[in-house]
Amino acid sequence: MRVERELMRGAGPVAVLKLLERREMYGYELVEALARRTDGVLAMGQSTLYPMLYNLEAKGWIESSERTAPSGRERRYYRLTRQGRTQLADQTRRWQALVHAMRTLGVVPDLPAESEAGS
Amino acid sequence: MSVVTPNSERAALSNFHRVLCTPVSDLLRGRIGPCPPAVRVGWREIVEAAGLPAVLAGRVSRVVHATRLWSREKVQVARELVAHFQDGLEAGRGQSELLDSFGDERQVASLIRRAKLRDRPAIWKLTHASACALQIVFALVVLVYAVQALRVYGRSPNVVRNFLAEWNAAPLLVPEAERAWPVYQAAALQRHADVPLYETSDLNPTSPRWGELAAYVAENAAALELYRRAASMPKLGAVLEAKPDDECIRRLYFIDPTSFSSTPENPIFVSVWSPQCVPLRQAARLLMLDARVAAIDGDPERCAADIEAMIGAAGHTLQLRLLLSDLVGLTIGYQACRATKSVLHKHPDVLSDTQLARLSHRLAVLGGGAEVRLNLASEYAMFEDILQRLYTDDGRGDGQPTPEMLSVALSATRIQQRLPRVPSWAVAPAASTILSGRRETQARFRVLLARAETEARTPLWARDRSEVDRELQELHSSPFRRLRSFPVSACLPSCSDASLTCEYFMQARDATLVAIALELYRRRTAAWPAALEELTPRFLPQVPLDRYDGKPIKYRLVDGQPLVYSVGVNRIDDGGRLPEARGPDDAWAGRNARARRWQPPVGGYPSPGGVPVESLLDGDWILWPPVEE
C-alpha cells in the first residue's frame with residue numbers, strides 16, 4: 001500500500017532525513033531503502049524524491065557532494081546537516097505526538113496489541 | 001563539495017562548447033555564484049556519454065530540458081538522473097520498470113525547477129521578485145490606463161447654448177429702417193478705391209499731391225454723404241457672423257477650430273466675425289481726409305460733419321460689444337481727436353463756436369463718458385462656449401475634457417511635438433488626468449479675467465506691472481502647467497495691453513477738449529489763459545487729469561503759445577520736453593510715441609515720494625499742439 005500524495009508530502013521528508021541520520025546516501029539508494037524498509041508504503045519515484053532532496057537542500061537541512069563511487073561512476077551523496085538534525089528531532093517529536101493521538105483514537109493500535117494480534 | 005568530471009565526458013566536449021561555457025559567459029547570462037570549471041560540461045553531453053538506453057536517455061533529456069534552469073543546474077540534475085537510471089539498471093531493474101517509477105515528465109521538471117529556484121542566491125531571488133513586482137505594476141498601470149482610455153474616448157460634449165444667436169438678439173430687435181449698417185454698406189459700395197496714403201504736408205494746395213487728394217474726396221462725395229448719414233443714426237443694428245477662416249482662428253487662439261463640435265446653426269462663438277470693423281475703419285479714414293480737405297477748402301459745415309461722422313462711426317463700432325471691436329472703435333475715436341486737433345491747429349478759425357462746442361460734447365460722451373472701459377462680456381461668453389464644446393456636462397456645472405479638447409490641448413501646448421513617435425490618442429488618457437475639470441477651469445478663468453478687468457480699470461497713474469500677466473507667464477513656464485491650465489492660458493485676453501487703448505484714447509480726448517476750450521477762450525479774450533483753471537467752467541467742466549500722474553493735465557505757455565502735455569511714462573514733469581532724440585532721423589512723432597508708451601520699470605514703480613525711476617524714458621508726452629503721428 002502506498003500513501004497518498006498529501007500524506008507523502010508530510011512523511012516523505014522526515015523519512016528521508018531519518019535515513020540520512022546514520023550515514024550519507026545517494027538518490028537510488030534512498031529510493032531502494034525507503035521501499036524496502038517501509039514495505040513499499042513510502043516507495044517514491046524520481047518525480048518525488050529528487051525535488052524533495054533539492055528542497056531539503058535549499059532549506060539547508062541536507063547537503064550534497066559529487067563523488068566517484070568504487071564502480072567508477074559518479075554519484076551525488078546526501079548527508080544531514082546540523083540544522084537537519086535539529087529539524088529531524090523536531091519532526092520526530094511531532095510525528096510521535098500524532099501517532100500517540102491516533103493511538104488514543106484507536107486509529108493506530110497499541111504495539112503490544114498489534115504484536116499479539118499478529119502472533 | 002568535491003566535483004569530478006569523467007574523462008569520457010571531457011572527451012565529448014567540443015572546442016566550441018568550451019568557448020561558450022566560460023565564467024564570463026556565465027556572468028553575461030546572469031548566472032550568479034561560483035561555477036567550477038568542471039561543471040561547465042553541457043548536460044546533453046553528459047546524457048549522451050552515459051550510455052543509457054535510448055528510451056531512458058530521452059526521458060532524462062526531456063525532463064532536464066523542461067526544467068528551464070541555468071546550465072550548471074541542468075548539469076547537476078542530468079548527472080543525478082543519469083546516475084539514478086544507471087544504478088537501477090545495475091540493480092537489475094528493467095527499462096519499463098524504471099520508466100514507470102519515474103513519474104510524469106512535466107511534473108518532475110516542474111517540481112525540480114521549483115526546488116532549484118529556492119536554492120538560488122538571495123540576490124537572484126531579490127532581482128527576480130523585483131522583476132515580477134515590476135511586471136505586476138506595469139500590468140496594473142496598463143490596465144488602469146486602458147480603463148482611463150475607454151472612459152476618455154467615451155466622453156462627448158453637450159452643446160446646449162447658441163451664444164451667437166443670444167449675442168445677435170439685441171441688434172435684431174432694431175427696426176430695419178433704423179439700422180445704420182445697411183447705409184454703411186451702401187456707402188462702401190459707392191466708395192472709389194481705398195483711401196490713399198498721405199503725409200500731413202500733402203494737405204496743402206501747394207503740395208504736388210493736393211490735386212490727387214482733392215480729386216479723390218470729390219470722387220467719393222456720394223460715399224461720404226452716405227457715411228455721414230449712417231453715422232448720424234443711433235443704432236448700428238449689425239449682427240455678428242460665423243467666420244469661415246479656420247486658419248485665422250488657429251493663429252489667433254492657438255486652437256484647432258475643426259476639433260470643435262460646431263454646426264452652421266450653432267457656430268463656435270470664438271470664431272464669430274464682425275464684418276463691420278474693417279469698413280467702419282475705412283469710413284473713418286475717408287472722413288478724416290475729407291475733414292482736413294474741407295478745412296483747407298474753407299467748408300466748415302463739411303469739416304464738422306465729417307468729424308462728427310467719425311465720432312458716430314466710433315460709437316457704432318463700440319455697439320458691437322466685442323473686445324476687438326472696442327479696440328477698433330476707440331482707435332476711430334482717437335483718429336477723430338487727431339482730426340479735430342489738426343483742423344484746430346492748421347485752420348483755427350474754420351469751425352464755428354457752435355460747431356466746436358458740438359464736437360466737444362460728442363467727444364465727451366464717446367465710449368460712455370469720463371472713464372472709458374473695455375467690454376469683456378464677449379470674452380466670458382466665448383469661454384463659456386468653448387467649455388460647452390470641449391468638456392462633458394454632468395448637469396451640475398462640472399465635466400471632464402473630451403477627446404477633442406485633449407487633442408487641441410496637446411497640440412496647442414506643443415506637448416505632442418515633443419512626443420513625435422507617440423500618437424495623440426495614446427497620450428490623451430494621461431493628459432486627461434492633468435487637465436483641470438470644467439468647473440475648475442471655468443472658475444480659474446473667471447477669477448483671472450475679473451482680476452485682469454480690475455487691473456485694466458486701474459488708471460495709468462495707479463498702475464504697475466500686471467500681476468495677471470505675470471501669472472499667465474508662469475502658466476506658460478512649463479509644458480505641465482501649460483497643459484493643466486489650458487484653455488485658460490490660451491483664451492485669456494491680455495487686458496493690460498488692451499486697456500492701454502482706453503487710456504491713450506481718454507488722454508487724447510481730454511487733450512482735444514482742452515484744445516477746443518483754449519480756442520474758444522482765445523476767441524473771447526484774444527489771449528491764452530495763464531492756467532487751465534481759467535477755462536472752467538465756461539469752456540471746460542473741469543480740468544482733466546494727466547493719465548500718468550493723476551494730477552491735472554499739464555499746461556504752459558511757451559513763446560506765447562499754449563503747450564498741453566502729460567508727464568509720460570516716467571511720471572516726472574520735464575516741463576513739456578519731448579524725449580531726447582536717438583539720432584538725426586528720430587522724428588518728433590517717434591519721440592512723442594515713446595513718451596506715451598506704457599512700459600513700467602522691471603522692478604515696479606517706486607512708492608509715492610520714493611526715488612524717481614531714472615531708468616525710464618526721460619521726457620513728456622506732448623498733447624497740444626498736435627504732433628503728427
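Here the structure is a predicted model, which means the values were calculated and not measured.
Heavy atoms from other residues, nucleotides or ligands lying under 6.0 Å from CZ of B:Arg62 number more than 12.
Interatomic distance, A:Thr48 OG1 to B:Phe102 CZ, rounded to the nearest 0.5 Å: 10.5 Å. A distance of 10.5 Å separates CG in A:Asn55 from CD1 in B:Ile112, rounded to the nearest 0.5 Å.
Of the listed residues B:Gly88, B:Gly103, B:Ala83, the one with more heavy-atom pairs under 4.5 angstrom with chain A than any other is B:Gly88. With chain A as the partner, the residue from B:Gln86, B:Arg113, B:Lys116 showing the most heavy-atom pairs under 4.5 Å is B:Gln86.
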Salt bridge (Lys or Arg N to Asp or Glu O under 4.0 Å) evaluation trace for A:Arg73 with B:Glu90
CA-CA 11 Å; A:Arg73 281 198 296 103; B:Glu90 276 183 14; 3.0 Å; yes
What's the verdict on side chain to side chain contact (heavy atoms under 4.5 Å, CB included) for B:Arg79 and A:Arg75, showing C-alpha distance, side-chain angles and the deciding distance?
CA-CA 8 Å; B:Arg79 285 187 200 285; A:Arg75 288 201 183 100; over 6 Å; no
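Under the 6.0 Å cut-off for aromatic ring centres, B:His84 and A:Tyr50 qualify, their centroids lying closer than that.
For A:Tyr26, the part sitting under 4.5 Å from any heavy atom of chain B is the side chain, from C-beta outward, and nothing else. Using a 4.5 Å cut-off between heavy atoms, B:Val63 makes no contact with chain A at all. For B:Leu81, the parts lying under 4.5 angstrom from a heavy atom of chain A are both the backbone and the side chain. Proximity to chain A is absent for every atom of B:Arg106, based on heavy atoms less than 4.5 angstrom apart.
Between A:Arg76 and B:Gln76 the shortest side-chain heavy-atom distance falls below 4.5 Å. Between A:Tyr54 and B:Asp119 the shortest side-chain heavy-atom distance does not fall below 4.5 Å. Two residues are said to be in side-chain contact when any heavy atoms from C-beta on lie closer than 4.5 Å; B:Asp87 and A:Glu32 fail this criterion. Residues B:Glu80 and A:Glu66 form no side-chain contact, since every pair of their non-hydrogen atoms from C-beta on lies 4.5 Å or further apart.
Contact between A:Pro51 and B:Ala115 at its shortest, heavy atoms only, is O-CB, 3.5 Å.
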